[in-house]
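See structure below.
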2 protein chains.
Amino acid sequence: MPPSRPLRADARRNREALLAAAREAFLTGDDAGVEEIARRAGVSVGTLYRHFETREVLVAEVYRQEAAELCATPTRLLAQHAPDEALRVFLLLLVEHAAVGRGMGEVLENIMTTDSPVFDDARDEMARALDELLAPGVAAGLIRSDVNGRIVLRALGGICGMRAKGWKDDALHIATLLYDGLRYGAANHG
Amino acid sequence: MPPSRPLRADARRNREALLAAAREAFLTGDDAGVEEIARRAGVSVGTLYRHFETREVLVAEVYRQEAAELCATPTRLLAQHAPDEALRVFLLLLVEHAAVGRGMGEVLENIMTTDSPVFDDARDEMARALDELLAPGVAAGLIRSDVNGRIVLRALGGICGMRAKGWKDDALHIATLLYDGLRYGAANHG
DNA sequence: ACGCAAACGGAGTCCGACTCACCTTACGGA
DNA sequence: TCCGTAAGGTGAGTCGGACTCCGTTTGCGT
């Protein structure tokens, strides 16, 4: 049920501006405070808090859109690759995605490693996308059957949260380890 | 070079008390602030900061001791198990260790996924311990050769940072995936 | 045009890490 | 044994960032 009454025009504009400013801030990882985000959006903190209960909710909202985009790729990958290869490509893609800005990685980590209801939507969506990616691999005996989207999601969380200097190479390396782990117990593995 | 002059008696006592209070607070995960830790140690914040530059340094110091204990186990495990089994047991042990208190997990995550010089000692020590554990497995063809302690450490970081409710089961599951990933490319794998 | 609910502004509160100017005390030397 | 002094301790205060509150402004239905 969408809000009983549509937003007033100025309110909708401000909401958009806030999301845009927040996206800019979070994805480039310049960890701006709420004050700064509001300023860049041309509104006051009060307005920011009218639209988003907490900073975290704003973060979640920004990221929900990114996640939606990411969640659309499994279908595309499955159309172009064998199930196991599609999974491998997706894992690497995720690391790339987290690498765009440090902010992104932190949000991904929060989505993946916490229970926070704020991220429920994004989490469910991504788990579903991963299930979609895993199922054909399992069916084909390329992927072990004792895993599901949620587990893979949680396993990826750690990778995305890495904050060390040479983290991207390490993350790719670890994604490969995880991928191989996912194939290890498969019917046709070897 | 240890401090040019030994600590005065009262200073040493207070330092001990602070470490004890901090250990208590961090390992039980009741995330106490510096004020509270100082209070429990029977000193003021000023004194806390005389001994530890920042809260993080205090955390690091508390954890260095835990890490040292953990780092001693690989040798013991190798004496009792085949190299690959020793590695498996160690990974599970680490999850148990992180489960003791939520605080511990967070510190482990920081050690593993950041570059913070504050944790250099603990990190080096743990990477060395893991190398010690990996080497015989690689030599025996049971573990793939393209990994090292640092990589495994970073991979584990994510697991330890998990804050969700049913995290421990998931963590064990993921540790298994990682373990299998580490065996996947081994000479004798299959 | 008018009224008013919806939305906005921004000074102010809260909270936790951290600082600093001043006070206290251990302890080595006379 | 007592003194000088530097090491050590104290806690009110600063700082920064998330969040709140209420007086003011404004879109929009009538």
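Protein chains get the first letters and strands the later ones, always in sequence-line order, with residue 1 at the start of each.
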*Qualifying salt bridge (charged side-chain N to carboxylate O under 4.0 Å, His left out) pairs, either residue in residues 73-87 of chain A, two or more places apart*: A:E85-A:R88
*Look at A:R144 together with A:D180 and state whether they make a salt bridge at an N to O cut-off of under 4.0 Å.*
no
*Minimum-distance pair of heavy atoms, taken over all atoms of B:A122 and B:I111*: CB-CD1, 3.8 Å
*Please determine if a side-chain N or O atom of B:S44 lies less than 4.0 Å away from the OP1 or OP2 oxygen of D:dG9.*
no
*asked:* Is there a side-chain contact between A:T47 and the phosphate of C:dA7, meaning an N or O under 4.0 Å from OP1 or OP2?
replied: no
*asked:* Walk along nucleotides 24-30 of chain D from 5' to 3' and tag each nucleotide B, S or - by protein heavy-atom contact under 4.0 Å, base first, then sugar-phosphate.
replied: --BSS--
*Begin from the C-alpha positions of B:R13 and B:E16 and carry the test salt bridge (Lys or Arg N to Asp or Glu O under 4.0 Å) through to its verdict.*
CA-CA 5 Å; B:R13 261 198 315 278; B:E16 297 299 301; over 6 Å; no
*How close or far is atom P of D:dG17 from atom CG of A:L48, stated in whole angstroms?*
15 Å
*Donor-acceptor under 3.5 Å (B:R150 side chain, B:D124 main chain)*: no
*Please identify each residue that fulfils salt bridge (Lys or Arg N to Asp or Glu O under 4.0 Å) with A:D31, with sequence neighbours left out.*
none
_Donor + acceptor pair across side chains of A:Y184, B:R183 (<3.5 Å)_ = yes
*Can you hop from B:V95 to B:L27 via hydrophobic side chains spaced under 4.5 Å?*
yes
*If a protein heavy atom is under 4.0 Å from the base, mark B; if only from the sugar-phosphate, S; if neither, -; do that for nucleotides 14-21 of chain C going 5' to 3'.*
---SBB--
*Quick one: are A:R154 and A:M112 in side-chain contact, heavy atoms under 4.5 Å?*
no
_A:R15 CZ - C:dC8 P separation (whole Å)_ = 11 Å
*Going by heavy atoms in the side chains, are A:L19 and A:Q65 under 4.5 Å from each other?*
yes
*Among residues 112-123 of chain B, which residues get a heavy atom nearer than 4.0 Å to DNA chain C?*
none
*Pairing residues for B:A41 by the side-chain contact (heavy atoms from CB on, under 4.5 Å) criterion, not counting sequence neighbours*: B:A17, B:L18, B:A21, B:V43
*Would you say C:dA7 has OP1 or OP2 under 4.0 Å from some side-chain N or O of A:N14?*
no
_B:H51 side-chain N/O to D:dG8 phosphate OP1/OP2 under 4.0 Å_ = no
